[in-house]
Amino acid sequence: MKAFWRRLAGAAALAAAACARVEIPPEADGGTAGPPRIADLQPPPGEVEAEAQFHVVFSEAMDEGQLLASTGRSETVVLAPDELVERAAAAIEHSRLSAEERSLLVAARAAISAGAAELDLAPEKPLLPGGYWLLASTRLKDAAGHHLQAAARFHYSVAVARVGPTLVAPPAGSTTAANLSRIRVSVPDSGGAVSVVGPSGALASAAASKGILELPLCPAWAGSGCAALRAGQTYSLALDGKPVPGATFVASQCPRLDPPRAEVRVRPRDTTVVAEVLLDWPARVALQVGTCPGPFCGVDESFASCAPDPCSPPAEPGCAVSLRVDGLLESTPYALQLLLEDDEGHLVRGSVEQVMTTGPLPRLAISEVMASPPLPAPRSDGEYVEILNAGTMPADLSGAALEGIDGIARAVVPDATGAVVLLPGARALAVGASFDASRYALPAGLPVLRASTQRLLGRGLSNDSPPLIALLASDADGGMAEVDRYPGGQPRCPAGESIEAGRSGTWTCGADGGSPGRGP
C-alpha cells in the first residue's frame, strides 16, 4: 500500500512539472498576452517633491487618440487631489470632460514618447502639500483595441515644504568683501546639514541647529588675511546638499582692511541703558554694562546687518542696531563698554565710559500712531499718538514730551500749570493744535493733549514713512529720559489704518479708523 501511494505522488509531481512548462505562443492572443497594463511608473507611489513630474510606461503601444485630448492634455491619465479623487475617477470614464470636470484635475502638460508606449505628465505648477492620485481610465486601449482591464490608481503625497536657512551676513543677493572669513545663517529648524557651496564645491558645513549658525571659512588665526573666496564668483547656501533658492552672494574684487567704525548714542533710564549704534560696516555689536566679571555684568548683543560696497566704502554709517541692558539700579553709576567684531577678522574694544541711570520713571508707552488718518482732508487734522500708562501707579504727563528726528523735545502739555495725571491702564492722545476730535468716536473723558504747534512734531507725521517718535518723561530728580519709542518707517499701512504696538516690540497695522482711547 505504501508503495502505491509513493507511485501516485511521483506521477502527480511529473504532471505538475509538465504543466509548468506549457507556453502559449504569442500568435494565440493576436500579438498580446492579455489586456494592456501599466508596466512601470516613475516616481513610484509614495512621497514626492512639489516639483515632481510623472512618467508612465505601458506594456503595449497605446492608441494616441485616447492618451491625448484635443486640448493637448491627457483626460485618461490624470492627477487629482485626495478630496476630489472619486469625482475625477468617475469623470474620466466617459468620452469627453466638461469644463467643470476638468477643474477637478491637476493642470498638467502631457507628452507621448516611445511609439505611444510611454506618457509624461508634468504639472504646470508645483504641487501643494497634500495627497494626490494618479488615475488611469479603462478607456485607454492599445493598438489592437484591447482596453485596460481595470482602472488604475496610484497614491502620492507632498509634504509641507521645510523652511530653509537664510543668509544673515552677507545678505542674500549682496556683494561681499574678498576676505570674508565667516558666514552667518539663520536656521528655522534643526536637522540636516547646512553648507556654503562655491564653484569648487563646499567651503564649510555644519549640522543645522535652530538659531543663528556661524560657518567659518578660514581658521581664526588667519585674521583679515582670509582668502577662501574667489573674486567674482557666486556662492550659495545648501541644505542637505540641495541649493536653497535665492540664498546666494558674490565675492568682490576688494577686501575689507579697516575695522568697523561706530557712532553711538547711549540713553540711560531708571533701570535700563539703551545704546543706538550706527556702523559703516556689518558687525556683531556687544554692549557691556557693569564690571565683567563682577557683582553685576549686563550684556546684550546683536548683529548689524547691511551690505555696503566693499570697493566703495560709505561716507556715513548706515548699519543700525539697538542694544538694551535691563535690571539696573536707579540713580546708580555704571561702567559701559562697546565691542565690535566684523566677519573679516577685526575686533574693536571701545573705551570704558561711565553712565548714570535716572531716578524712577513712569511706565509710559506709545501704544498707537495714526500717521495717515481717514478722510476727510486735510488728513493732518486727524493725526495722533496714543500714550498708555502701562505701570501700576498714576503717571504725571505734565513733564512728558515727544521727540522726532530733529532731536527737539516738544511737551505734550505745553501750557500745564500743575500735574496731569494718567491712571494705570488709562490712555491719552497727544495731538497737534489743529486736531479735529469730531473725526473719531472718542471715549468719554479721554485726555486730548494739544501741542503748541498746529501739527505733531512741528511738521506732522509723514503718510508714506512715519518718522521716529520718542516718548520722554521726567524722573524724580527733574531730569528727562526716553521711556519708549516708535522706531519709524514700518509697517507701511493703508490710508486710514493706524500703527499699533504689539508684543516684544513689534508694530502692526491696526483697524481702519484707528482705535483712539481703546485697546487694539
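It should be emphasised that the depicted structure is a prediction, and the values quoted were computed from it without experimental measurement. As a basis for the values below, the full set of heavy atoms in this structure was taken, side chains included, without hydrogen atoms, waters or symmetry mates.
- Counting heavy-atom neighbours within 6.0 Å of Glu83 CD, excluding the residue itself, gives a total above 12.
- When the shell of 6.0 Å around CD of Gln149 is examined, it contains 12 or fewer heavy atoms from other residues, nucleotides or ligands.
- For Leu468, the CG atom counts as densely surrounded, since its 6.0 Å shell holds more than 12 non-hydrogen atoms of other residues, nucleotides or ligands.
- Heavy-atom neighbours of Gln233 CD from other residues, nucleotides or ligands within 6.0 Å: above the threshold of 12.
- Note on Arg261 versus Asp280: salt bridge recorded, some NZ/NE/NH1/NH2 to OD/OE distance being below 4.0 Å.
- With no hydrogens or angles considered, no side-chain donor-acceptor pair links His147 and Asp142 at under 3.5 Å.
- Side-chain atoms of His146 and Glu60 include no donor-acceptor pair closer than 3.5 Å.
- Annotation: Phe54 is not in aromatic contact with Phe154 [ring centroid separation under 6.0 Å not met].
- Between Arg109 and Glu124 no salt bridge is recorded (no basic side-chain N to carboxylate O distance below 4.0 Å).
- Contact check for Val274 versus Leu323: no side-chain heavy atoms found under the 4.5 Å cut-off.
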Determine whether Thr508 and Glu500 satisfy the following criterion, side-chain hydrogen bond (donor to acceptor under 3.5 Å, both in side chains), listing intermediate values before the conclusion. CA-CA 5 Å; Thr508 60; Glu500 295 181 344; 4.9 Å; no

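- Donor-acceptor pairing under 3.5 Å is lacking for the side chains of Glu497 and Ser372.
- Within 6.0 Å of CZ in Arg459 there are 12 or fewer heavy atoms belonging to other residues, nucleotides or ligands.
- Between the side chains of Thr76 and Gln66, no donor-acceptor pair is found at a separation under 3.5 Å.
- Looking at Val244, Val185, Val187 one by one, the single match for side-chain contact (heavy atoms from CB on, under 4.5 Å) with Leu239 turns out to be Val244.
- For the pair Asp381 and Arg439, the salt-bridge criterion is not met [side-chain N within less than 4.0 Å of a carboxylate O].
- With salt bridges taken as basic N to acidic carboxylate O contacts below 4.0 Å, one links Arg182 and Glu341.
- With no hydrogens or angles considered, no side-chain donor-acceptor pair links Ser157 and Glu47 at under 3.5 Å.
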Step by step, work out the side-chain hydrogen bond (donor to acceptor under 3.5 Å, both in side chains) result for Asp40 and His55. CA-CA 8 Å; Asp40 189 28; His55 183 68; over 6 Å; no

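- Both tests pass for Arg256 against the ring of Trp281: distance under 6.0 Å to the centre and angle within 45° of the axis.
- Ring centroids of Tyr156 and Tyr132 are separated by 6.0 Å or more, keeping the two rings apart.
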Derivation and outcome, side-chain hydrogen bond (donor to acceptor under 3.5 Å, both in side chains), residues Glu368 and Ser498: CA-CA 7 Å; Glu368 186 180 15; Ser498 64; 2.6 Å; yes

